[in-house]
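Report on the structure given below.
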Amino acid sequence: MRADAQAQPNIALIKYWGKRDAERNLPAVGSLSMTLLSLQTRMSVEFDDTLDRDRLEVNGEAGDAMLQRVSRCLDAVAGKDRPRAAVRSTSNFPIAAGLASSASAFAALVVAADGAQGSSRDTIALARLAGHSSGSAARSLFGGFVELSAQEDGIDAGAILAPADWPVEIVIAVTEESAKPLGSGEAMTRSAASSPFYASWVERQEDDLAAAREAIAARDFGKLAAISEHNCLKMHSLTWTSRPPVVYWNEGTLACMQTVRELQSVGHAVFFTIDAGPQLKAVCLPDAAASVRDALDATPGVTRTMQSSLGPGARLLQA
Ligand code: PMV
């Protein structure tokens, strides 16, 4: 009754920010993302009748802070009367720092838990289960460019372009290694309740999704850059204008934005996006990747950079 799975985080270009239904964790808006290749989470789930409670180990240490969310996710996959489970997770990148570690973790968790039970579900069913724990995790079930649509009664999600059909590179500039001060769920709820811009954010999201979808279909990098940066800055405007405000950026984040502007001004195909943390993700065409990485490495406040191309969705690993 053990299975191992691997998933990669995804980076949203058109962001999920806001919940339609907090109880069921349903997003208020659709979103569009890219699944990475070289940042990875591996998860092993072993159901064991002899355990008196679930155990969670994250990167070799007891993961008690996350245990409740993990147990709830296992209940959703295997039912409340399931045997208790020993869960082990390892990631090769910083967790809880705005690098979408919850996305890869819950995507890998549902695949491993389903696998440990005999793999009865298809990908969309697994995506819905993952999305219940972390909205963005639903997208990591799929590879390449992925769109998630938000409907009244649930989500739909699927790949819209495979990694090989439009190779792009992502350079991640890490400006802070430790965990973020406020989780995305709480910050979203605060934005919905108090930002004066929230209603217009929800209303305009379909337009942004359509523009991104068209840019991807046409492999139009400039168009994708413009709509992605616009959508990212709108999401952060919601957090800045929440009460009390939530500011995820630090000085390094702003310095990285300036670096991306300078690279753009000399003709490099690159744009930025930022999630619920201070790290900046620079998306670029492969030709620009070396210059982008060198420039971000040299930017004040950057502690290190990581690079990835696009990768596949979550999957079972052979034992
Ligand atoms: O899935 P969550 O609850 O970790 O929220 C993700 C929020 C953002 O990363 C900021 C945006 C997104 O679409 O991934």
Side-chain angles (χ1 to χ4, degrees), residues 7-36 39 41 65-66 68-70 72-73 91 93-110 127-142 145-150 155 157 160 170 172 179-192 195 198 201-202 205-206 208-209 212 227-240 242 246-249 253 272-281 283 314:
Q8 290 85 242
N10 66 81
I11 306 291
L13 300 178
I14 305 298
K15 311 284 187 195
Y16 152 47
W17 197 255
K19 297 176 197 292
R20 178 192 302 274
D21 178 341
E23 187 65 27
R24 294 159 67 207
N25 205 36
L26 293 181
V29 292
S31 55
L32 195 152
S33 61
M34 302 175 310
T35 302
L36 303 183
L39 278 65
T41 299
M66 285 292 285
Q68 215 185 348
R69 272 178 86 187
V70 166
R72 253 188 269 132
C73 182
S91 293
F93 60 96
I95 54 175
L99 288 177
S101 56
S102 67
S104 52
F106 285 104
L109 184 65
V110 295
R128 289 184 180 128
L129 285 167
H132 202 72
S133 294
S134 160
S136 56
R139 299 185 309 238
S140 276
L141 266 296
F142 302 92
F145 290 88
V146 176
E147 183 170 357
L148 182 151
S149 59
I155 58 157
I160 57 172
I170 295 98
I172 298 170
K180 59 193 169 199
L182 188 68
S184 51
E186 208 178 314
M188 281 179 201
T189 306
R190 197 183 291 180
S191 294
S195 170
Y198 184 73
W201 159 258
V202 173
Q205 187 79 339
E206 275 308 317
D208 290 9
L209 284 167
I227 193 62
S228 301
E229 288 191 356
H230 174 65
N231 190 269
C232 165
L233 293 172
K234 277 200 299 189
M235 183 206 112
H236 286 275
S237 303
L238 293 175
T239 73
W240 283 56
S242 298
V246 184
V247 176
Y248 282 117
W249 304 351
T253 320
F272 67 79
T273 190
I274 306 158
D275 292 299
Q279 332 300 1
L280 178 136
K281 290 100 181 200
V283 182

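Nothing here was measured: the structure is a model prediction, and the numbers come from that model. Counting convention: from 1, in listed order, for ligands and their atoms alike.
Remark: ligand 1 atoms within the under-4.0 Å shell around heavy atoms of A276 are 10 (C). Every atom of ligand 1 with a heavy atom of M235 under 4.0 Å away is listed here by number and element: 10 (C). Here is the list of ligand 1 atoms found below 4.0 Å of a heavy atom in G135: 1 (O). Ligand-side atoms of ligand 1 in range of W17: 10 (C), range being under 4.0 angstrom from any heavy atom. For ligand 1, the atoms sitting less than 4.0 Å from at least one non-hydrogen atom of S134 are 1 (O), 2 (P), 4 (O), numbered in the order shown with element in parentheses. Those atoms of ligand 1 that come under 4.0 Å of a heavy atom in A12, given as number and element, are 12 (C), 13 (O), 14 (O). Near M188, meaning under 4.0 Å from any of its heavy atoms, are these atoms of ligand 1: 5 (O), 7 (C).
For the residue pair R190 / S242, no side-chain donor-acceptor distance below 3.5 Å is found, with atom types taken as modelled.
Side-chain atoms of E147 never come within 3.5 Å of backbone atoms of L32 as a donor-acceptor pair (strictly under, hydrogens ignored). The main-chain N or O of W201 is never found under 3.5 Å from a side-chain atom of W17 such that the two would form a donor-acceptor pair. For R69 (side chain) and S133 (main-chain N/O), a donor-acceptor pair under 3.5 Å exists by modelled atom type. No donor-acceptor distance shorter than 3.5 angstrom exists from the side chain of S140 to the backbone of A137, with no hydrogens or angles considered.
Contacts of S184 with ligand 1, taken as heavy-atom pairs under 4.0 Å, involve the side chain alone. Residue contacts with ligand 1 for S102 involve side-chain atoms from C-beta outward but no N, CA, C or O (heavy atoms, distance under 4.0 Å).
Applying the salt bridge (Lys or Arg N to Asp or Glu O under 4.0 Å) test to residues at least two apart or on different chains, the pairs with a partner in residues 8-17 are K15-D275.
When the heavy atoms of C232, S136, A138, S33 are ranked by distance to atom 6 (C) of ligand 1, first place goes to S136. By heavy-atom distance, the residue among E186, K15, R139 lying nearest atom 14 (O) of ligand 1 is R139.
The two residues L148 and G135 come nearest to each other via the heavy atoms CD1-O, 4.0 Å. Heavy atoms only, all atoms of each residue included: A157 and F142 are closest at O-CZ, 3.5 Å.
For R24, the salt bridge (Lys or Arg N to Asp or Glu O under 4.0 Å) partners are D21, not counting sequence neighbours.
By the 3.5 Å distance cut-off applied to N or O atoms, K19 is not counted among the residues near ligand 1.
Not a single heavy atom of G185 sits closer than 4.0 Å to an atom of ligand 1.
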